[in-house]
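Have a look at the structure below before the remarks.
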Amino acid sequence: KSLAVSNNASRSRCRSRRSCSACIKASTSAAWTLTDSSAGRISGAISSQMNGPSDAFVSSLNVPTAGIGTLPYSTYIGGDVDDKICDILIHKGSLYVYGSSNSTDLPTSPDAYAAELNDKEDGFVMIINLSTYEIGASTYIGGENSDYPMFLDVDDKGSVHLVGGSNSKNYPLTSNC
């Protein structure tokens with residue numbers, strides 16, 4: 001099985017909730033051949049099947065040296081409704097994935113800030129270990145209405161800083177701001 005994948009992707013940060021599904025825009029100027037010997041089933045995937053009408057995905061492609069790339073890791077990320085990834089960041093061996101979710105069962109970690117969807121649409125942050133491809137941490141963040149992250153950064157101490165938009169009057173705030 002082979003799949004043509006563009007090797008000239010232009011990356012843009014999400015600027016609105018609606019643009020999240022189009023954050024990575026592929027150019028058609030050149031193509032790779034992607035060889036998938038496992039017929040779509042990648043070992044260690046967080047989810048090997050779609051869980052809702054629209055799930056996000058994360059795929060790791062090795063850069064081809066002779067025009068043939070490999071797919072060492074690919075997975076769906078999502079729950080029972082719609083899930084969108086806005087962007088990713090790689091920092092010290094971890095893949096930071098962030099976006100928005102309407103799903104009530106997005107995978108979260110035991111130490112999550114918020115393990116459940118608050119209402120309509122919350123932001124989420126998921127950290128995937130690039131050595132094991134396992135979830136290191138995952139949480140929702142949001143209030144009673146739609147909340148969506150647009151930018152994420154990680155400082156030298158490993159603290160995640162998230163910027164986005166909110167339609168929630170009860171978005172979680174701290175007393176020191």
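Atom set for the values below is all heavy atoms of this structure, side chains included, hydrogens, waters and symmetry mates excluded. This chain uses plain numbering: 1 for the first residue, then up along the sequence.
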Next on the checklist: What's the separation between atom OG1 in Thr75 and atom CD1 in Ile135, rounded to the nearest 0.5 Å?
Outcome noted: 8.0 Å
Checklist entry - Between Asp147 and Ser166, do the side chains contain an N or O donor and an N or O acceptor separated by less than 3.5 Å? => result yes
Checklist entry - Please walk me through it: do Phe124 and Ile141 pass side chain to side chain contact (heavy atoms under 4.5 Å, CB included)? => result CA-CA 6 Å; Phe124 74 88; Ile141 185 163; over 6 Å; no
Checklist entry - Between the main-chain N or O of Ser101 and the side-chain N or O of Asp83, is there a donor-acceptor pair closer than 3.5 Å? => result no
Checklist entry - Is there a side-chain contact between Met150 and Val163 (heavy atoms, below 4.5 Å)? => result no
Next on the checklist: Please check this pair: side chain of Asn118 against backbone of Gly142, looking for a donor-acceptor N/O pair closer than 3.5 Å.
Outcome noted: yes
Item to check | Ser109 versus Gly136, closest heavy-atom pair with distance | outcome: CB-O, 4.5 Å
Checklist entry - Ile127 and Leu95: side chain to side chain contact (heavy atoms under 4.5 Å, CB included), yes or no, with the steps? => result CA-CA 6 Å; Ile127 304 169; Leu95 176 66; over 6 Å; no
Item to check | Derivation of the side chain to side chain contact (heavy atoms under 4.5 Å, CB included) call for Leu106 and Tyr140 | outcome: CA-CA 8 Å; Leu106 188 74; Tyr140 290 102; 3.1 Å; yes
Checklist outcome for this item: Distance col, row Ile128:CD1 vs Ile88:CD1, nearest 0.5 angstrom, shows 9.0 Å
Checklist entry - So, for Ser60 and Pro72, which heavy atoms are closest and what is the spacing to 0.1 Å? => result O-CD, 2.9 Å
Checklist entry - Within a radius of less than 6.0 Å around OH of Tyr171, do more than 12 heavy atoms belonging to other residues, nucleotides or ligands occur? => result yes
Checklist outcome for this item: Minimal heavy-atom distance between Pro107 and Ser138, with the atoms involved, is O-OG, 2.6 Å
Next on the checklist: Please determine whether residues Leu117 and Met126 belong to a single hydrophobic cluster, defined as Ile, Leu, Val, Met, Phe, Trp and Tyr linked transitively by side-chain heavy-atom distances below 4.5 Å.
Outcome noted: yes
Item to check | Audit row: Phe151, Leu162, side chain to side chain contact (heavy atoms under 4.5 Å, CB included) steps and yes/no | outcome: CA-CA 6 Å; Phe151 184 79; Leu162 194 62; over 6 Å; no
Checklist entry - Around atom CG of Asp155, are there more than 12 heavy atoms of other residues, nucleotides or ligands at under 6.0 Å? => result yes
Next on the checklist: I'd like to check Asp87 versus Leu152 (side-chain heavy atoms, cut-off strictly below 4.5 Å). Are they in contact?
Outcome noted: no
Checklist entry - Do Lys84 and Asn102 have side-chain heavy atoms sitting under 4.5 Å apart? => result yes
Next on the checklist: When you compare the side chain of Val125 with that of Val97, does any pair of heavy atoms fall below 4.5 Å?
Outcome noted: no
Next on the checklist: Below 30° counts as parallel, above 60° as perpendicular, anything between as tilted: where do the rings of Tyr73 and Tyr133 land?
Outcome noted: parallel
Next on the checklist: Would you compute the distance between atom OH of Tyr148 and atom CD of Glu121 and round it to the nearest 0.5 angstrom?
Outcome noted: 8.0 Å
Next on the checklist: Do Thr108 and Thr139 have side chains that approach each other closer than 4.5 Å (heavy atoms only, starting at C-beta)?
Outcome noted: no
Item to check | Whether Ser103 side chain and Asp80 backbone form a donor-acceptor pair below 3.5 Å | outcome: yes
Checklist entry - Taking atom types as modelled, is there a side-chain donor on Ser168 or Glu144 under 3.5 Å from an acceptor on the other? => result no
